Amino acid sequence: MVNRRDFIKKGCIACMGLTGIATLLEACSAPLQVVKLGNTPDNTLVVPADKFTEQTKMLVLRSDHLDNDILLVKNNASYNALLLMCTHEGYALTPTDSKIFCNAHGSQFDLEGNVIKEPALKPLTRYKTALINNNITVYLNKKV
Ligand code: FES
């Protein structure tokens, strides 16, 4: 026979397991499109604006010259460029279409780089962007 204490203990363990599975599934949504780029001498990344479509609102920018990817998010007429490196202890982050996850210790960030779940306390590094001649330029030496 299960006593009240055992019932509550098992219920709590089951809830924690379900929460962990839900978070894991959320972090495993469809992969985002990766754009491989070279690095220009003036420390910028240039992405054709037509890479964004009605369905594609985010791109992962990857370069051999960068230690971490950059998530480029279209937000109406502007773009957010976020360094996918956790501000807790520097691990690489996993972006999804709704959040950015750190699998090291569980931090989560929104698509503007703000912390929505600790242990990270600082927002993600954001870089200045500009739309020039139908190209999006990410300025790696200009943080916002
Ligand atoms: S390194 Fe990301 S939560 Fe610790």
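Both ligands and their constituent atoms are indexed starting at 1 by order of listing. Remember, it's a predicted structure, so these values are computed and weren't measured experimentally.
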Parallel, tilted or perpendicular, as decided by the 30° and 60° cut-offs, for the rings of Y79 and F52: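 Rings of F52 and Y79: tilted, 30 to 60°.
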4.5 Å side-chain heavy-atom contact, L71 and L111: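 Heavy-atom side-chain distance check passes, below 4.5 Å.
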Heteroatom test (N, O or S) for C102 near atom 2 (Fe) of ligand 1, limit 2.8 Å: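 Checking C102: at least one N, O or S atom is under 2.8 Å.
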N, O or S of C86 under 2.8 Å from atom 2 (Fe) of ligand 1: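 Yes, since at least one N, O or S atom of C86 sits under 2.8 Å from atom 2 (Fe) of ligand 1.
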Distance-only side-chain donor-acceptor flag, T129 / N80, under 3.5 Å: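 Checked: T129/N80 side chains show no N/O donor-acceptor pair below 3.5 Å.
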Minimum heavy-atom distance R126-E112, with the two atoms named: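 R126 and E112 have their closest heavy atoms at CD-O, 3.4 Å.
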Nearest to atom 4 (Fe) of ligand 1 - the N/O/S atom of H105, by atom name: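 So the atom name we want here is ND1.
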Numbered atoms of ligand 1 (with element) below 4.0 Å of S107, judged on heavy atoms: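 Taking each heavy atom of S107 in turn, ligand 1 has 3 (S) under 4.0 Å.
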Which of the ligand 1 atoms, numbered from 1, are nearer than 4.0 Å to a heavy atom of H88: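 Contacts of ligand 1 toward H88, numbered from 1: 1 (S), 2 (Fe), 3 (S), 4 (Fe).
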CD1 on I100 to CG on L124, rounded to 0.5 Å: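 Reported value, rounded in 0.5 Å steps: 5.5 Å.
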Winner among E89, K117, E118, Q108 once heavy atoms are compared against atom 1 (S) of ligand 1: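 It is E89 whose heavy atom sits nearest to atom 1 (S) of ligand 1.
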